Number of protein chains: 2
Amino acid sequence: MALDHALLVSLREKPSSGYELARRFDRSIGYFWHATHQQIYKVLARMEEAGWVAAEVQAGETAPDRKVFSVTATGQGELSRWLAEPLTPEATRDALMVKLRGAAFDDPARLLPEFQRHRDAHAERLAGYRQIEARDFSGPLDRQRALQYQVLKSGLRFETAWLEWCEEAMDLLHRFDNNKETNP
Amino acid sequence: MALDHALLVSLREKPSSGYELARRFDRSIGYFWHATHQQIYKVLARMEEAGWVAAEVQAGETAPDRKVFSVTATGQGELSRWLAEPLTPEATRDALMVKLRGAAFDDPARLLPEFQRHRDAHAERLAGYRQIEARDFSGPLDRQRALQYQVLKSGLRFETAWLEWCEEAMDLLHRFDNNKETNP
DNA sequence: AGTTGCAATGCAACTCGTTGCATAGATCGT
DNA sequence: ACGATCTATGCAACGAGTTGCATTGCAACT
């Protein structure tokens with residue numbers, strides 16, 4: 001339900017085609033919201049029907065035709081309405097936590113490669129965020145920029161937390177592994 | 001797809017009826033994984049069909065009959081297989097981030113109540129976790145306990161991060177509000 | 001000339017999960 | 001005696017999201 005609004009925000013930031021949105025959702029925006037192109041096309045079609053967005057077809061000379069969407073007044077109204085509406089708190093779902101608890105019923109050391117992968121992935125993301133921070137948010141910021149920076153800051157905070165927690169978990173798993181070797 | 005495995009882990013920790021699982025998923029386990037009872041019954045039925053779990057009907061003298069499920073050898077095999085298998089990295093989805101970026105196209109101060117709610121919710125959770133920590137994880141811990149504690153620690157870490165980030169975001173939103181008042 | 005890859009859009013089938021409803025006995029306050 | 005609430009299980013319909021496939025055309029490599 002909220003992909004609609006994520007797309008509205010993204011289209012307010014910059015009117016775009018479905019394809020463009022899909023690519024943006026694979027990059028910067030995708031760090032806090034993800035969607036496939038099929039889903040995006042579906043939602044765009046629905047929102048066009050509802051009058052929240054309007055499309056302008058740009059005939060490409062070299063490239064294929066693009067349908068560039070922008071947010072209508074109705075769409076902006078819906079966005080404002082949604083912003084004021086309380087979110088129903090989302091359920092956390094993390095399979096890695098399930099796995100860690102599941103390790104009690106298996107050889108815990110077998111989880112180490114998985115945690116290594118996750119630690120590396122989070123380290124990579126953190127590095128990516130720091131690059132974006134240095135590149136886009138070092139000077140003085142207007143309102144829109146400041147808000148975007150605050151969103152990025154959540155990424156920095158959470159990836160750091162992930163990284164530290166993964167290290168801690170790996171220490172724990174290693175400890176079980178050593179116990180097994182020294183106490184046969 | 002992973003609710004199956006979350007249930008397997010939960011049933012390994014303690015064989016239970018669907019109803020019991022549903023309640024447990026509303027409490028401790030629900031902090032890192034959530035499911036409704038309908039979904040749980042559905043998945044239990046599927047897993048019973050597949051032979052991952054087996055049910056024993058307990059006829060209640062006073063209470064209604066209960067179907068108590070436990071994990072079979074096949075189910076344990078599946079759990080081990082899943083534990084070793086790499087997770088496909090889950091997409092982050094946070095509507096609050098979308099809202100914060102969306103605030104650029106609306107009156108940012110209107111988001112303050114929403115952030116207050118979220119801050120309070122995270123503070124409450126954090127307090128809950130700290131209680132669980134003091135109650136269940138202060139003495140020496142066996143392997144299973146230690147793993148559960150490590151999962152709880154992620155909750156402590158992330159709720160702290162949320163709390164701090166919400167405060168920071170609220171400061172920012174307040175600043176826009178003041179700017180508006182002093183620069184009309 | 002042929003293959004690979006990218007830009008661009010979309011349909012169809014499926015799975016996962018939610019919402020709403022139904023049932024039925026037990027317990028408990030008023 | 002009556003309604004409310006809790007235990008306990010489940011169906012049906014829907015919506016959101018994924019997976020797989022299809023199409024069209026251009027560009028670039030081999």
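So you know, we letter chains A, B, ... as the sequences are listed, proteins then strands, and number each from 1. Not measured: the values here are computed from a predicted model.
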Query - Value in whole Å for how far the C1' atom of dA24(C) lies from OH of Tyr19(B) - result: 14 Å
Query - Interatomic distance where CD belongs to Gln39(B) and P belongs to dT18(C) [whole Å] - result: 6 Å
Query raised in the report: Hey, any chance Tyr19(A) and Val43(A) share a hydrophobic cluster, counting ILVMFWY side chains that come within less than 4.5 Å of each other, even indirectly?
Result: no
Requested in this report: Mark yes or no for a side-chain to base donor-acceptor pair under 3.5 Å between Lys42(A) and dT18(D), with no hydrogen or angle criteria applied.
Outcome: yes
Report task. Look at Thr36(B) and dT18(C) and indicate whether a side-chain polar atom (N or O) is within less than 4.0 Å of OP1 or OP2. Result -> yes
Report summary line: From NE2 of His37(B) across to P of dG17(C) the rounded distance in Å is 16 Å
Query raised in the report: For the atom pair CG (Leu152(B)) and CG (Asp136(B)), what is the distance rounded to the nearest 0.5 Å?
Result: 8.5 Å
Requested in this report: Provide, to the nearest angstrom, the distance between the NZ atom belonging to Lys67(A) and the C1' atom belonging to dA7(C).
Outcome: 16 Å
Requested in this report: Whole angstrom is fine here: how far is it from CD in Gln38(B) over to C1' in dT23(C)?
Outcome: 14 Å
Query - cation_pi(Lys99(A), Trp82(B)) dist<6.0 Å, angle<=45 - result: yes
Requested in this report: Determine the contact category for Glu20(A): base if any of its heavy atoms lies under 4.0 Å from a base atom, sugar-phosphate if only primed atoms, P, OP1 or OP2 are that close, otherwise nothing.
Outcome: nothing
**Report entry** Residue-phosphate contact under 4.0 Å: Tyr41(B) side-chain N/O, dG10(D) OP1/OP2
**Finding:** no
Query raised in the report: Any idea how His122(A) and Trp162(A) line up, ring-wise: parallel (<30°), tilted (30 to 60°), or perpendicular (>60°)?
Result: parallel
Query - Counterpart base for dT18(C), defined by Watson-Crick or G-U wobble contacts under 3.5 Å - result: dA13(D)
Query - Arg23(A) or Ala35(B), whichever maps to the more 5' nucleotide of DNA chain C - result: Arg23(A)
Query - Gap between atoms CH2 and C1', on Trp33(A) and dA16(D) respectively (whole Å) - result: 11 Å
Query raised in the report: Whole Å only: how far is the NE2 atom of His34(B) from the P atom of dC16(C)?
Result: 17 Å
Report task. Please state whether the phosphate of dT15(C), meaning OP1 or OP2, lies under 4.0 angstrom from any side-chain nitrogen or oxygen of Arg46(B). Result -> no
Query - Interatomic distance where NE2 belongs to His5(A) and C1' belongs to dA16(D) [whole Å] - result: 14 Å
